[in-house]
Amino acid sequence: MLRYPAFLIYCVLNILRSNNFLQRSLSTVAPEIRIYEVGPRDGLQNESKFVPTDIKVELISKIVAAGIKNVESASFVSPKWVKQMSDSVDVMKNIQRVPGVNYPVLVPNLKGYETAKQCNVEEMAIFPAGSEGFSQKNLNGSVEEGLRRFKQVADEAVRDGLRVRGYISCVVGCPYDGPIHPKNMAKFGIKTVDSSISGLGGCPYARGASGNLATEDLVYFLYGLGVNTDVDLVKIIEAGRYISNFLGKPTESKVNRVISDRFTNYRDMVKLASCNCS
Ligand SMILES: CC(C)(COP(=O)([O-])OP(=O)([O-])OC[C@H]1O[C@@H](n2cnc3c(N)ncnc32)[C@H](O)[C@@H]1OP(=O)([O-])[O-])[C@@H](O)C(=O)NCCC(=O)NCCSC(=O)C[C@@](C)(O)CC(=O)[O-]
């Protein structure tokens, strides 16, 4: 009987061989699912080792080179709360912005908003919580206080012609308050999926946060379902390996783990994706 890793290799190889990822990635068909890569922000914010600005910038550029069009790149929260994001101004000033790519940032209050504006940010994310316990831990205030602050940010942003995206943390469960039963849940019509390169991340204030859905696995999964994302799997795998190597920890991406074990260098993977396995 095939063991799980062998089966995964078999599936990856078959998908790569039969469909040719590189050709697909160059296709002009509009993607059916929008991927929001949150690795450079949510992914890294929980890392204890400080990731230097140039590594963050390079990671973002690798992710963009793979075809991802939305990369949450920085966070203008208090540096006392999340030190890893304390160089967000430098990150935003040093990334080479590619036309057509969106580089949103996280903003918790008007102070963060002002800083974001100075960095020519075009889209920001606000992040109230659905539970009292998490709101206190993450934002140092109640749900109501959080909503009040985020409304200020959203009003300013809309006035300034910027886009605003809203997260709601803990809609079904909270590490402090337990299960949450939201009355209204948006169930259908999902067109945007958040994921993080290499499965990195988790909020430092969510006890036991276990990481995020790995972008490589998401791309692979959607590809298997025949859903177009316009993302080059080989390049996104390479970006995942880049940051995992830097952090000195194994990738949380199952696809990346399987492929990395088997293919040691980028050229081999490109050959494979080009169906040139001789
Ligand atoms: C909301 C605050 C700021 C309140 O933090 P606070 O300590 O209550 O803030 P304050 O207003 O009392 O100010 C205290 C000091 O912080 C400074 N300060 C205040 N704001 C800023 C700012 N923006 N930038 C820089 N400095 C700031 C402010 O200037 C002052 O400086 P001092 O006078 O002492 O020198 C804090 O709790 C905070 O930053 N929380 C964010 C924590 C965080 O980043 N968590 C991870 C992101 S959430 C997440 O990952 C979940 C998500 C979004 O992915 C969705 C999901 O999956 O659930």
Side-chain angles (χ1 to χ4, degrees), residues 8-9 11-44 51 54-73 91 95-103 193-201 212-247 250-277:
L8 197 50
I9 289 178
C11 293
V12 172
L13 290 181
N14 270 337
I15 285 185
L16 289 171
R17 281 199 181 111
S18 60
N19 295 305
N20 191 344
F21 266 106
L22 289 183
Q23 269 176 18
R24 279 280 298 223
S25 72
L26 296 174
S27 104
T28 51
V29 181
E32 297 157 73
I33 288 278
R34 193 160 61 134
I35 294 180
Y36 247 81
E37 168 61 46
V38 299
R41 194 279 302 172
D42 190 286
L44 295 182
V51 178
D54 58 327
I55 301 277
K56 287 175 180 148
V57 168
E58 181 64 13
L59 173 65
I60 292 166
S61 108
K62 282 178 178 294
I63 290 168
V64 170
I68 301 237
K69 297 278 188 272
N70 296 281
V71 186
E72 204 169 80
S73 301
V91 169
I95 49 179
Q96 298 287 324
R97 296 188 199 199
V98 173
V101 176
N102 180 27
Y103 301 89
V193 182
D194 288 8
S195 61
S196 172
I197 190 77
S198 209
L200 290 173
N212 285 298
L213 169 63
T215 308
E216 304 91 305
D217 294 352
L218 175 64
V219 172
Y220 168 73
F221 171 71
L222 290 172
Y223 194 85
L225 291 179
V227 177
N228 180 26
T229 61
D230 265 3
V231 176
D232 184 324
L233 181 69
V234 173
K235 287 189 177 166
I236 202 71
I237 283 172
E238 212 265 324
R241 293 174 73 173
Y242 171 78
I243 192 63
S244 298
N245 286 343
F246 173 79
L247 293 170
T251 174
E252 291 299 323
S253 157
K254 293 185 176 58
V255 167
N256 208 338
R257 232 183 275 157
V258 166
I259 291 210
S260 300
D261 287 350
R262 203 179 143 109
F263 301 99
T264 48
N265 65 52
Y266 182 66
R267 253 199 6 229
D268 284 349
M269 285 199 290
V270 171
K271 256 169 71 179
L272 174 79
S274 317
C275 300
N276 179 6
C277 300

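- Here the closest non-hydrogen pair linking G43 and S196 is CA-OG, 3.6 Å.
- Here the side chain of Y223 pairs no donor or acceptor atom with the backbone of V231 at under 3.5 angstrom.
- If you take CG on D217 and CG on L233, they are separated by 9.5 Å, rounding to the nearest 0.5 Å.
- Nearest heavy atoms, G199 versus E252: CA-CB, 4.1 Å.
- Going from atom CZ of R241 over to atom CD of E238 covers 7.5 Å, rounded to the nearest 0.5 Å.
- Residue I68 holds its CD1 atom at 14.0 Å from NZ of K62, rounded to the nearest 0.5 Å.
- Separation of atoms CZ (R97) and OH (Y103) is listed at 8.0 Å; rounding is to 0.5 Å.
- In this structure the side chain of L44 reaches within 4.5 angstrom of the side chain of I243, judged on heavy atoms.
- When side chains are defined from C-beta on, V193 counts as touching L213, because their heavy atoms get closer than 4.5 Å.
- Minimum interatomic distance between G226 and E32 (heavy atoms only, all atoms of both residues): O-OE2, 3.8 Å.
- When the shell of 6.0 Å around CZ of F221 is examined, it contains 12 or fewer heavy atoms from other residues, nucleotides or ligands.
- When all heavy atoms of S195 and I35 are compared, the pair lying nearest together is OG-CG2, 3.5 Å.
- Taken to the nearest 0.5 Å, the CD1 atom of I95 stands 11.5 Å off from the CG atom of L59.
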* Apply side-chain contact (heavy atoms from CB on, under 4.5 Å) to the pair I236 and I63, showing each step before the final yes or no. => CA-CA 6 Å; I236 202 71; I63 290 168; 4.3 Å; yes
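- Side-chain contact between N212 and D194 is absent, with no heavy-atom pair separated by less than 4.5 Å.
- A donor-acceptor contact shorter than 3.5 Å links the side chain of K56 to the backbone of V51.
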* To do: Could you walk me through whether E37 and I197 pass the side-chain contact (heavy atoms from CB on, under 4.5 Å) test, one step at a time?
  => CA-CA 7 Å; E37 168 61 46; I197 190 77; 3.4 Å; yes
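- Residues E216 and I237 share a closest heavy-atom pair of CG-CA, 4.0 Å.
- Pairing each heavy atom of F246 with each of I55, the nearest pair is CD1-CD1, 3.6 Å.
- At least one donor-acceptor pair closer than 3.5 Å links the side chain of T251 to the backbone N or O of S253.
- In this structure, N70 CG and Y36 OH are separated by 4.5 Å, a value rounded to the nearest 0.5 Å.
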